A.B. asks: 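Can you read through this structure? Questions will come right after.
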Amino acid sequence: MQRTIKMRLSRYFLPVLKENPADAQIASHRLMLRAGMIKQASAGIYSWLPLGFKVLRRIENIVHEEQIRAGHIPMLMPTLQSADLWRESGRYDDYGEEMLRIRDRHGRDMLYGPTNEELITDIFRSHVTSYKELPLTLYHIQWKFRDEIRPRFGVMRGREFLMKDGYNFDLDRESALHAYNRHMVSYLRTYERMGLKAIPMRADSGPIGGDDTHEFLVLADTGESEVFYDSAILDLSMDGRTVDYDNRAEIAALVQEWTTPYARTDETHDEAEFAKVPEERRRTSRAIEVGQIFYFGTKYSEPMGAFVVNEKGERVPVHMGSHGIGVSRLVGAIIEASHDERGIIWPEGVTPFHVGIVNLRQGDGECDAACEKLYGALAAAGLEPLYDDREERAGAKFATMDLIGLPWRITVGPRGLKSGVVELTNRRTGESEEVKPEDAVEKVKEIYRPHQEAGLIEPMKGRYFHTWL
RNA sequence: CGGGGCGUAGCGCAGUCUGGUAGCGCGACGGUUUUGGGUACCGUAGGUCGCAGGUUCAAAUCCUGCCGUCCCGACCA
């Protein structure tokens, strides 16, 4: 049933660079260029080459899985929007130069969407009129464009970026706050599956507006935000907990747990509050923002006429929130959080290939056969290996594998095969062990089992890409 | 948007000050060699020197304008 297309490095497109590109200043940007993941098209705009595209899709996929798990509904809105809707909300003028404005052949004002509140509200008001259709949370993962004054740091601050943005519609404040909480919990699960420690921090709402908002931040020296937190929050973990997203009390308790320790960005930082944290637990750091959730009540529903009739027959504006995850930025953030001087170290949850197979004596009958057999066994287990079958020396093959960051490597050479073993190496620790080929396969299967199970939602069972959409 | 830097072969750079046949390293390609951490050697191909004007017998080099791009700062998923 499952057809396997063997991924041989000799037939793949992986333009790795031996030298550091001059333009790339931070690790993630440099490594993404060197590992052949992206190519700059213009300032802040990138092509995603096969390896980068694969990681992007893995991340996107986890986001989808966790959103669907939380009961949110995927859809897709266009990148180009009509200016009329934005005039209605009053943001056409507010947004300023950051919005890329375009005029079509009929002279109509269009724009490349920097976000989608207006569009989703328009969809909602056209089709939803009764409280009985609530609660509703719709989301999509789509390219956005913000004409940043100064794009930088590769995909971390691109002008074009891929973002998951979701919008909840609820009858009242309480329901909307449950939606807010539900998003926080689903986000925590999402980041954890990517091998990231992302801390929810009380933040400033910016131009989107609203009262309640949290940003999710990944600690990293190259981050653009300054953050202050109680180190106790680092001990918290979702630890793969399954949650009942309909259980308001359970979700609220989780949010309580994660928002109790002090954690704020510089925008909302309060020295007096911070001083109450025991001194040895007070931390300040740089961090990368990888998501944000908002509750903004009726800010858009009122001016744009998104009303429903409640059980008393009254027309009331719906309570809304919006929530975003920077999908393309996450690729950079994960690398910032996980690399060494040799290259990237992918967390198992997002790695483009699960394991690299390095053939040290290409053309040697025994080595070739052993590699093929390993590939077959791993693929049969639903894993994607990358087989380095190039006519290269060992050093070159190892250097490539280290650079592109596959977390596990199986090395096959004549020396080991003589005693019936291959080498299984952990990219992160550098530790190797000599094991029989079948044991290496078993071990790798075991490592990835939790990640495979985490993704098992009925509509997409056994698939990697979001083909259920 | 203020300040600074850089555009020369696919990548990294020298050459520009002081104008005179466009170079080096890596990579690519063809060989030989080597084979458990980017091997060594021989050979080959590859450039409107960002673009447009100007000065000059002669411009990568000097002058003017433009474009692109990176960094620092203020703003942002």
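This structure is a prediction, so every number in the text was calculated from the model and none was measured. Each chain gets a letter, A, B and so on, in the order its sequence line appears, and its residues count up from 1. Just so it is clear, the values below take in all heavy atoms, side chains as well, and ignore hydrogens, waters and symmetry mates.
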A.B. asks: Below the 4.0 Å mark, does B:C70 have OP1 or OP2 next to a side-chain nitrogen or oxygen of A:Q40?
C.D. replies: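 Yes.
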A.B. asks: Looking for any heavy atom pair under 4.0 Å, which part of the strands does A:A399 touch: base, sugar-phosphate only, or nothing?
C.D. replies: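 Since a base atom lies under 4.0 Å of A:A399, the category is base.
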A.B. asks: Does A:R361 place a side-chain N or O at less than 4.0 Å from the phosphate oxygens OP1/OP2 of B:U35?
C.D. replies: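 No.
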A.B. asks: Can you tell me how far the CZ atom of A:R342 sits from the CD1 atom of A:I404, to the nearest 0.5 Å?
C.D. replies: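 If we round to the nearest 0.5 Å, A:R342:CZ and A:I404:CD1 are 14.5 Å apart.
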A.B. asks: Base, sugar-phosphate, or nothing for A:R34, non-hydrogen atoms under 4.0 angstrom?
C.D. replies: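 A:R34: base contact, heavy atoms under 4.0 Å.
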A.B. asks: Would you name the heavy atoms of A:T351 and A:R58 that are closest together and state the gap between them?
C.D. replies: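 Result for this residue pair: O-NE, 2.8 Å.
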A.B. asks: Are A:Y167 and A:H323 near enough that their ring centres are under 6.0 Å apart?
C.D. replies: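 That pair fails the under 6.0 Å test.
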A.B. asks: Using only modelled atom types and a 3.5 angstrom limit, is any donor from either the side chain of A:E423 or the base of B:G36 paired with an acceptor on the other?
C.D. replies: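 Checked by distance alone, the answer is yes.
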A.B. asks: What's A:L360 touching, base or sugar-phosphate or nothing? Going by heavy atoms closer than 4.0 Å.
C.D. replies: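 Base contact - A:L360 has a heavy atom under 4.0 Å of at least one base atom.
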A.B. asks: Classify A:D165 by what it touches in the nucleic acid, base, sugar-phosphate, or nothing, heavy-atom distance under 4.0 Å.
C.D. replies: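 If one applies the 4.0 Å heavy-atom cut-off, A:D165 turns out to touch nothing in the nucleic acid.
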A.B. asks: Could you tell me whether the phosphate oxygens of B:G27, OP1 or OP2, come under 4.0 Å of any side-chain nitrogen or oxygen in A:K18?
C.D. replies: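 Checking B:G27 against A:K18, a side-chain N or O does come within under 4.0 Å of OP1 or OP2.
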A.B. asks: Establish whether the base of B:G27 is bridged to the side chain of A:E19 by a donor-acceptor pair shorter than 3.5 Å.
C.D. replies: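 By the distance-only test, no, there is no pair.
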A.B. asks: Ion pair present between A:E215 and A:R202, side-chain N to carboxylate O less than 4.0 angstrom?
C.D. replies: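 Salt bridge between A:E215 and A:R202, a charged N being under 4.0 Å from a carboxylate O: no.
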A.B. asks: Considering heavy-atom distances to RNA chain B, does A:E224 or A:P414 have its closest nucleotide positioned more toward the 5' end?
C.D. replies: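 Taking each residue's closest nucleotide, the earlier one in sequence belongs to A:P414.
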A.B. asks: Within the structure shown, what part of the strands sits under 4.0 Å from A:R150 by heavy-atom distance: base, sugar-phosphate, or nothing?
C.D. replies: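 Base: the residue A:R150, judged by heavy atoms under 4.0 Å, touches a nucleobase.
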A.B. asks: For A:R409 and A:T411, test the side chains for any donor-to-acceptor distance below 3.5 angstrom and give the result as yes or no.
C.D. replies: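 On atom types as modelled, these side chains qualify, holding a pair under 3.5 Å.
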A.B. asks: Looking for any heavy atom pair under 4.0 Å, which part of the strands does A:G324 touch: base, sugar-phosphate only, or nothing?
C.D. replies: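 No contact at all - A:G324 keeps every heavy atom at 4.0 Å or more from the nucleic acid.
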A.B. asks: Answer with base, sugar-phosphate or nothing: what part of the nucleic acid does A:G158 contact at a heavy-atom distance below 4.0 Å?
C.D. replies: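 The residue A:G158 makes base contact.
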A.B. asks: If you pin A:S328 and A:F153 to their nearest nucleotides in RNA chain B, which one's is more 5'?
C.D. replies: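 Final value for this comparison: A:F153.
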A.B. asks: Identify whether any heavy atom of A:A394 sits under 4.0 Å from a base atom; if not, whether one sits that close to sugar-phosphate; answer base, sugar-phosphate or nothing.
C.D. replies: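 Result for A:A394 = sugar-phosphate.
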